[in-house]
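Input: a single structure, listed below in C-alpha cells.
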Amino acid sequence: MPTLIDNTRPKPEARTVVSAAARAKGKGDAKGGLYKPREPIYPKLVHGRWRTVKWALLIVMLAIYYITPWIRWARPGDLPQQAVLVDFAGRRFYFFDIQLWPQEVYIFTGLLVIAALALFLVTALFGRLWCGYACPQTVWTDLFIVVERLFEGDRNARMRLDAQPMSFDKAWRKIGKHLTWLGIAFGTGGAWIFYFHDAPTLIRTFWIGQGAMTAYVSCALLTATTYVFAGWMREQVCTYMCPWPRIQGAMLDEHSLQVAYLSDRGEPRGPHKKGQSWEGRGDCIDCNQCVVVCPMGIDIRDGSQLECINCGLCVDACDDILGRLGRPTGLIAYDTDSAVAARGCGQKAVYKYVRPRTIYYALALTLVSSLTLWALVGRPKADVHVIRDRNPIYVRMHDGAVRDGYTLKIANRTFADRTFEVAFAGLPGARLSQPGLPGSGVSVLVPADQVVAVRVFVTAPPDADRAPSLPGRFVVRSNEIQTEAKTVFLSGATNPQ
Amino acid sequence: MAPERETDAVTGVETTGHEWDGIRELDNPLPRWWLWTWYGCIAVAIAYWILMPAWPGLHGYTKGLLHASDRANVATELQALDVQRGSGAAMMRKASLTQIEQDPKLQAYAQQVGQSVFGDNCATCHGIGGTGGKGYPNLRDDVWLWGGTLEDIQHTITVGIRSGHPQARLSQMPAFGRDGLLPPETISDLTEYVVKLSGRPADTAAVARATPVFAAQCVACHGVDGRGSQAVGAPNLTDAEWLYGSDRKAISGQIFSGNGGVMPTWGGRLSPETIKALAVYVHANAGGQ
C-alpha cells in the first residue's frame, strides 16, 4: 500500500462549518448564492532559474509557431512549396519530405498515441511539466501578463490601479493593454491559418477578402479564444475547463516529481527578525512571496493541489528570499511526496524513477513509436485496391465463358506520371480487358500524386476450372514499382455436394 | 430524508452528504462565469428563434428574419447542378458514341450518368446489375436480340420494343398452340427439335418428324440453322441463352403462346445526351459486340 500523500503535511485547523452560499456571501458577493466570482490574481514578476527556462521556452515555442508556415520546401511540379502544410482542398498533408494521404491517417493516430503516452511518461516521472512550461494556455497567459505588466506595472501597481476610480491614466493603460492583447490574439489566429493554405498567397488574399471562408472563421475563432482564455480566464481554463488536471491524478504517484513545499524543513513557520536564531523553528518566514508570484493564485504550502501547474515560479521566489536570508535554497523545490515523507520521519529520501508505472509507459511508448515509424518508412510508392462487382457477381457468355467485373483504384504516390501495367494472376487462360475497349490487357496512366479508378473485366475461358470461388490477385507494375491486391474470381458454379 | 451534511476537515468546506466508496463531494460554489455562459446560451437560443425558422403555428411556422430555407437551398443547388450537367451534356452531344466509349474521360462521365439513369429507369425490369430475369433480357452478357452495337442499343432505348412508337422494334412470334396453328403433338416434336438445336440430346424420331415443320414455320425468322436474326429480333436457338427458360416445358410453352415483352420508348422521356450516355454504359458493361 503506497503512503498516503496527505499524511506528513500539517493539517490546517478545521474551520467553522459554512455552507457554500454563506461563504460566497462572506466573500463580499452581496447577492449571495451559489456562484463564486473569479478572484483576480496579480502574479508578481520573479527572477530565477525556472523563470529563465520559461522565458527561453516561451521564445522558442512562439518562434516555432510563427515561423514554421513560412519555411519553403522544394517539391516537383505543381505541388505546394510549403514545408509544413495541411492541404484540405488537395487532401494531402506535407511535412518537409514526408507527404501523407488521407488513407494514411493512422500515422496521425499513431502520432497522437505517442504524444499521449509521452505525456503519461513525463507526468509519471516529472509531474506536470507540460502544464507549467509547454501548454499553449501557459505560454500565451505568460505573454499576456508581460503585456499587462508593460501597461499597468507589476503586482502592487496593478492592484492599486484596479482599486482606483476611472481616470485618464487608468483608461489609456487599460485600453492599451486590451488593444495589444487583441493584436496578439489576432496574430495567433492569423498564424494558425497559414498552416492550411500557402502562406505567402494567403497573406495577400486574406486582406482583400479573397481568402477561404474557413480561414476567416478559424482566424476569428482563435483570435476570440486567445483573447478570452489568456486575457480574461487564465487559471479558470486550467481549473474548470481542462480535463488534464483531473486525468493526471491517474499518472502521478508518490514518486513523481512535483513542486513541493518541504514542510519538514519549513515548519514551524513564522516571521523572523534579523539576528534571531534559526534554532527550533522552520526556514519558512511566512513572507508570502510564493503566493504572490503564483499565476494560479494558490498557496503551495497547502500541499499538492489540483490547481498547481508545476511552473516552479514559487521555487524561484522562495530561493530568492532564502538567498537574502543566507539560508540554503530549496525550501520549495521539485521533489517527490515520498522523499518529503521520508525526511519527515527522519529517513533517507529515495527517488524511484524506474517503477512498474514508468516501465509500462516506456514500453508502450517504444512499441507505438516503433510501429508508427515502421508504418511511415514502409509505405508503398503505389497502391491498388480492388472493389469486386456485387451485382452481377458473374456473367455467363453465350459460349459458356464467365466474366467477372472489378473496379481497381490505383494510387500513384510518386511525384512523376506513371503508366501501370495491370495483370490478373491465379486463373490460367483468363483474359483481362477494359469495358468498351477492344483487345485485351490493361495499362493505366496515373498522373503524379493521384488515384485513378478503372473498371476491368476478367473473362475465364469456357473450359476453365469451375470451382465456385477461385483466389486471384491483381498485380500492378510500373518499372521498379510493383504492388498487388488479393481478390476472388466467382465462376457461378455450385459446390459439388 | 436528506443525507447528513458534514464539514470536510482538510478544506473546511461542507460536503453534500453523498458518499461513494468513501469519497464525499465538497459543496463548493460554481464559478460565476459558468452561470454567465448559461445565460449566454439562452441569449443565443432567443436570437436563433428570431433569426431562423423556429416556432410552429397553426398555419405554418415563424420564418425568421434571415428567411433561411433548406428548400430554397436545394433549389439553388439543383440549378447549379443543371449548369454543371449542361457542360457534360455538351460533351455527350459533340462526341460520337464510339468516341465517348474510347476516351477514358468521356467514358467515365457516361458510366456515371448511365449508372444513375439505369438505376432510375431500367433496373425495374433489367435488374440493378442489368442481368435481367425470365422475360427480361440480360444486358451484361454478349447475347443480343436486337443487336449489341452502340448504335443498335441507342436505337432500342430511343424507340423501345413493341412500345407503340412508330419506329418501335417490332416482332411477333405466333402463338402456334393457342391460336390452333399447330396441334399439340407437333409442338411437342418441335420442342425436341429446338432442344437438339442447342446441342442437347433429344428424341431422334420427334426431331425427324419436326424437321419439315421447322422449315415451313420457323426458318423465316429463326433461320435455317436456327441462329435467329437481330434484324427481326428473332432469338438464336442454338446458344445457351434462353429468355423464357431452357427446359422442354418452357420451350413448348413459348411455341404454344409466342410471348414477347414490351420495352417502353425513352426518346420522349430522356434527353438524347442521356440516351447516348446510357447506351455507352450498357454497351461498355456488356459482353461486347
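Letters A, B, ... are given to chains in the order of the sequence lines, protein chains preceding strands, and every chain is numbered from 1.
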Is there any residue in [range] with a non-hydrogen atom under 4.5 Å from a non-hydrogen atom of chain A, and which ones are they?
range                       : value
residues 130-139 of chain B : T131(B)
residues 106-127 of chain B : Q107(B), Q111(B)
residues 96-103 of chain B  : E101(B), Q102(B)

Do the non-hydrogen side-chain atoms of P31(B) and Q236(A) ever get within less than 4.5 Å of each other? yes
Could you tell me whether the side chain of W33(B) reaches within less than 4.5 Å of the side chain of Y240(A), counting heavy atoms only? yes
Indicate the atoms forming the closest heavy-atom contact of P392(A) with G129(B), along with that distance. CD-O, 3.3 Å
Please find the pair of heavy atoms, one from P29(B) and one from K36(A), that lie closest to each other, and give the distance. CG-CB, 3.8 Å
Could you tell me which portion of Q434(A) (side chain, backbone, both or neither) has an atom closer than 4.5 angstrom to a non-hydrogen atom of chain B? neither
Who pairs with W38(B) by ring-ring contact (aromatic ring centres under 6.0 Å, His included), at least two apart in sequence or on another chain? none
Chain A contact via W36(B) - side chain, backbone, both or neither, heavy atoms under 4.5 Å: neither
Step through the shown structure and confirm whether more than 12 heavy atoms of other residues, nucleotides or ligands are within 6.0 Å of CG on N73(B). yes
First locate atom CG of L30(B), then atom OH of Y35(A), and finally report the distance between them rounded to the nearest 0.5 Å. 6.0 Å
Please round to the nearest 0.5 Å and tell me the distance separating atom CG of D399(A) and atom CG of D239(B). 10.0 Å
Would you find a donor on one side and an acceptor on the other, under 3.5 Å apart, between the side chain of R403(A) and the backbone of R140(B)? yes
